[in-house]
Amino acid sequence: MAPLLTIGEFSRMTHLSVKALRHYHDMGVLEPAAIDPFTGYRSYDATQVVPAQVIRRLRDLGMPLDSIRSVLIAPDLETRNREIAAHLGQMERQLAQTQASVAGLRALLAGPAVRPAIEYRKIPAVTALAVAQVVSAADLATWGSDALGALSDALAKPGVAPAGASGPFGALFPGDFFELERSEITAFVPVGSPPGGFGPLEGPLDGQVRLLEIPAVEAAIAVHEGPLDDIDRTYGALGTVVAERAIGVEGPIREYYLIGFPETEDESKHRTEVAWPVFLTG
């Protein structure tokens, strides 16, 4: 029988601290080979060295302990690789977001942005399919993707809207969302009324897809070019013009997604129209 290793010996062999090993035991990630019933001392087997080293590397990659546990108990290679691939995909998304933030910061430090072209127009009221939910800023991207997907599914149902009647997808952002980083956000897609009117809608988000009248609004409008990570620059430029002219009014800011992921994966080609509610004097 192979000799058991003390927790100190195992720590030196794996470069995992004693504190970390105790925590991994408590979390059910790495069980000791034996525990002394009188002293509570943990002992490990030499065959556990490689799994411990795997845990260390996965933790270095920021993988949560629940996911590491799933990797270690995976019944087959395919399941294990799927867990690891999912985490690597998350890391790639975080890296892309970091790179976008770095690029945005460099652009700000390089000098003031060129003010985008701004137009003023009245956006008419429309009937739309909509999903509304209280969302935090941290969850906005995930929620928005799910909501727009649900609207696309609902829009594709027979009889929901006449062919070619839908407009660009959009969203309403009330002011307190930016102030409190949490508020009810409404994602919508305009539709025309089909012959015979609308029947009952049972959306894929447990009935959250519903018909809603999006009211008319007078707005100052600018088009943001590129990814949404730095759309605050367009907001800043647009809001400055509205403040300078003292024409801002209460009401949600609107975003219309003219070109997005459904059209192209190249975010540099994305176009988002930002509509700031104003009072037009003629």
Side-chain angles (χ1 to χ4, degrees), residues 1-109 133-147 149 180-182 205-206 227-230 232 261 265-268:
M1 179 179 295
L4 293 178
L5 306 168
T6 68
I7 193 170
E9 292 171 331
F10 194 71
S11 172
R12 291 189 288 274
M13 295 170 67
T14 61
H15 287 196
L16 290 172
S17 69
V18 170
K19 180 179 179 181
L21 289 170
R22 288 170 177 163
H23 181 58
Y24 295 160
H25 176 204
D26 293 339
M27 298 298 294
V29 175
L30 183 63
E31 298 278 348
I35 302 175
D36 189 291
F38 301 103
T39 64
Y41 288 166
R42 299 168 173 86
S43 299
Y44 294 83
D45 189 277
T47 60
Q48 294 179 286
V49 170
V50 171
Q53 291 171 338
V54 170
I55 292 172
R56 178 171 172 269
R57 281 158 177 76
L58 293 177
R59 287 298 287 161
D60 287 343
L61 291 174
M63 180 177 280
L65 289 179
D66 287 344
S67 298
I68 292 176
R69 186 187 304 111
S70 298
V71 168
L72 295 177
I73 66 174
D76 52 58
L77 184 63
E78 181 181 354
T79 302
R80 185 194 69 185
N81 289 346
R82 186 166 57 247
E83 287 286 342
I84 295 175
H87 181 68
L88 292 178
Q90 175 65 23
M91 288 188 66
E92 289 171 344
R93 289 188 291 272
Q94 291 174 345
L95 176 60
Q97 185 175 10
T98 299
Q99 291 172 332
S101 297
V102 170
L105 178 57
R106 284 177 173 165
L108 285 171
L109 296 176
Q133 186 173 328
V134 175
V135 183
S136 67
D139 298 330
L140 179 62
T142 300
W143 178 85
S145 178
D146 292 342
L180 305 176
E181 296 188 322
R182 180 178 175 84
L205 291 184
D206 297 326
L228 295 177
D229 300 280
D230 61 349
D232 59 322
F261 283 109
E265 291 290 324
D266 185 353
E267 292 187 72
S268 68

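Counting heavy atoms from C-beta outward, R59 and L16 have side chains that stay 4.5 Å or more apart. By the 4.5 Å heavy-atom criterion applied to side chains, M91 and L61 are counted as neighbours. The closest side-chain heavy-atom distance from Y24 to I68 is not below 4.5 Å.
The side-chain hydrogen bond (donor to acceptor under 3.5 Å, both in side chains) check on D230 picks up H224, with sequence neighbours excluded. Contacts of E267 classified as side-chain hydrogen bond (donor to acceptor under 3.5 Å, both in side chains), with partners at least two apart in sequence or in another chain: none. Residues passing the side-chain hydrogen bond (donor to acceptor under 3.5 Å, both in side chains) test with T47, sequence neighbours excluded: D45. By the salt bridge (charged side-chain N to carboxylate O under 4.0 Å, His left out) test, E265 pairs with no residue at all, sequence neighbours left out. For D232, there are no side-chain hydrogen bond (donor to acceptor under 3.5 Å, both in side chains) partners, not counting sequence neighbours.
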Review item, side-chain donor-acceptor pairs of residues 30-39, under 3.5 Å, at least two apart:
residue, atom, partner, partner atom, Å
E31, OE1, H25, NE2, 3.3
D36, OD1, F38, N, 2.8
D36, OD1, T39, N, 2.9
D36, OD1, T39, OG1, 3.4
T39, OG1, Y41, N, 3.2

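Atoms CH2 and OG, on W143 and S136 in that order, are 11.5 Å from each other to the nearest 0.5 Å. Atom CD of E83 sits about 11.0 Å away from atom CZ of R69, to the nearest 0.5 Å. Separation of atoms CD1 (I73) and CZ (R80) is listed at 13.5 Å; rounding is to 0.5 Å. Put simply, CD on Q48 and CG on L5 are 8.5 Å apart, with the number rounded to the nearest 0.5 Å. Once rounded to the nearest 0.5 Å, the distance linking CZ of F10 with CG of L4 reads 11.0 Å. Remark: L88 CG to Q90 CD distance equals 10.5 Å, nearest 0.5 Å.
Between D60 and R57, no side-chain nitrogen of the basic residue sits less than 4.0 Å from a carboxylate oxygen of the acidic one, so the salt-bridge criterion is not met.
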**Report entry** L65/H23 under side chain to side chain contact (heavy atoms under 4.5 Å, CB included): CA gap, chis, key distance, verdict
**Finding:** CA-CA 10 Å; L65 289 179; H23 181 58; 3.5 Å; yes
Query raised in the report: After noting the C-alpha distance and the side-chain angles of Y44 and L21, does the key distance pass the side chain to side chain contact (heavy atoms under 4.5 Å, CB included) rule?
Result: CA-CA 10 Å; Y44 294 83; L21 289 170; 3.8 Å; yes
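The minimum heavy-atom distance linking L72 with V29 is given by the pair CD1-O, 3.5 Å. Here the closest non-hydrogen pair linking S11 and S17 is OG-CA, 3.8 Å.
T142 and D139 share no side-chain donor-acceptor pair at under 3.5 Å.
Heavy atoms from other residues, nucleotides or ligands lying under 6.0 Å from CD of Q53 number more than 12.
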